[in-house]
Amino acid sequence: MTALALPVLAVAFLLSMYFRSYFGVVGPALSADLSLSPEEFGWLASAFFASFSILQIPVGLSFDRWGVRGPMAAMMMIGAAGSGIIALSPGYWVAITGQSLIGIGCAPIFMGVLYYLGRSNAPEKAGRLSAIVSAVGSTGALLSAAPLTWFVDAFGWRPACWLAAAAMAVCASAVALALGPTPTSVDGSVPDRRRWSIMPLLYLVPVCFTLSLGGTFRNAWATPYVMSLFGPDAAVGTMLTAVSVVGIVTGFILPVLLVRASGRSIVISTYAAGLICAILLACAPGISFLWACIGLSVLYAMGNVHPLVMTEAQTLIPPPKRGLALGALNTLVFLGVSAASAAYGEIAGLSLSVLTTYRLIFAVTGTALAIAVVCYIMFRGRGSLFRTDRRQPGS
């Protein structure tokens, strides 16, 4: 691992977090300029996560085939082009093309961090380094809050997209130059070639699908929600900043909690807190601006347990299959965000009252979280990690 690899990976993840969240600020202004309907806004917000999720398995396979450096740098350049296309977009279809390309550019980054550090370091050190990259990179969500709001207000959303495109292109070049070849393994051990079963991972499917569901609000729906119920003068930028800060602070607290509690207990507690907030918001979405900020902050902070869920999954996956299996689980994470944003857009287009619309949106969110946490608690460990292969070695 080269000396520059860790800071370059951290900046790449920062940009990925920025692009996951930036549409919450740029989206409403873009939607107003392009005269988009609520349904089009929902699909546009989901386009990033759709292309992001679809590519997780191909990204994992490409890492197995060529290592991290080449695929990651090339796809990040595509993402830079996508941000430029957004800046030039005259209408819905060009904008959704740009969003899809940005999703392609960000698709290899999180997987690349885990894959590269995991192949270059022993598991304990890889976990610590991944936590550092994740904590630093999470500040990208903060950049896409108040600073981006100020920039968009001062210069417009198109220059903001051009600036992000330039940053992505520079970082892609840095990835190509700074990352060394991806090692085959840390210790050179012989791979375990027993036939592997997917069954032990099925209990994680609902969890992964809902893992970043709270991020759907931070990334796109928080601004329409707050402005619809609390007025156009509501401090949206301040709220998004507060939500991002809570996400960053809880991300730094997580390693401390892991010293005192198991990863599973933290995941369950986090889901319980998110479920309570979703239920309360469903009952009274317009009760107060402060409560809206608290509820959205908790839902957004749920995404911090993503590495814990993936770490748990890796204990059930033999090394030769980890790229493929982690890619599949990550596909579900971001497919869930995409599906949620599109579903919220469809709900918003039902011609219901504003209050009823957001009651229904938060009720759907709470139902999904409840199903996920019940499956996570009840069904862990069902099935066998390896299928029995009747053929003996050498037969």
Kindly determine whether V68 and V175 satisfy side chain to side chain contact (heavy atoms under 4.5 Å, CB included), including the steps that lead there. CA-CA 9 Å; V68 171; V175 166; 5.8 Å; no

Report the relative orientation of the aromatic rings in F41 and W221; use parallel for angles under 30°, tilted for 30 to 60°, perpendicular for over 60°.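 It falls in the perpendicular class, over 60°.
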
Quick one: sort the Y22 and F19 rings into parallel, tilted or perpendicular, breaks at 30° and 60°.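 Y22 vs F19 ring planes: perpendicular.
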
Backbone N or O of [Y] within a donor-acceptor pair of the [X] side chain at under 3.5 Å?
X: S83; Y: C161; answer: yes
X: S53; Y: A50; answer: yes
X: S269; Y: I266; answer: no
X: T210; Y: V207; answer: yes
X: S62; Y: V59; answer: yes
X: R158; Y: S89; answer: yes
X: S16; Y: A12; answer: no

Return the minimal non-hydrogen interatomic distance between A172 and M76, and the atom names on each side.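 Looks like CB-CB, 3.6 Å.
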
What are the two closest non-hydrogen atoms of G105 and P108, and how far apart are they?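 Closest approach of G105 to P108: O-CD, 3.4 Å.
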
Cation-pi check for Y376 against R264: NZ or CZ below 6.0 Å from the six-membered ring centre and within 45 degrees of the axis, yes or no?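 R264 over Y376 ring: yes.
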
Which is it for V226 and F289 under the side chain to side chain contact (heavy atoms under 4.5 Å, CB included) test, yes or no, and what are the steps along the way? CA-CA 8 Å; V226 170; F289 179 75; 3.6 Å; yes

Under the ring pair (Phe, Tyr, Trp, His ring centres under 6.0 Å) definition, can you give me all pairs with a residue in residues 51-98, not counting sequence neighbours?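 Output for this query lists F48-F52, F52-F334, F63-Y115.
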
Do the non-hydrogen side-chain atoms of W150 and F155 ever get within less than 4.5 Å of each other?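 Yes, at least one pair of side-chain atoms sits under 4.5 Å.
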
Residue pair W162 / L88, side-chain heavy-atom distance below 4.5 Å: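 The answer is yes, as the side chains (C-beta and beyond) meet within the 4.5 Å cut-off.
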
If two hydrophobic side chains count as joined below 4.5 Å and joins carry through other members, does L355 share a cluster with F230?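 Result: yes, single cluster for both.
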
Report, one line per pair, each donor and acceptor closer than 3.5 Å where one atom sits in a side chain of residues 23-38; sequence neighbours left out.
residue: D33; atom: OD2; partner: W157; partner atom: NE1; Å: 2.7
residue: S37; atom: OG; partner: E39; partner atom: OE1; Å: 3.4
residue: S37; atom: OG; partner: E40; partner atom: N; Å: 3.1

Between L369 and L299, does a side chain to side chain contact (heavy atoms under 4.5 Å, CB included) hold up when you go through it step by step? CA-CA 10 Å; L369 295 179; L299 288 170; 4.0 Å; yes

Going through the checks in order, is the side chain to side chain contact (heavy atoms under 4.5 Å, CB included) test met by T357 and L350? CA-CA 8 Å; T357 293; L350 291 177; over 6 Å; no

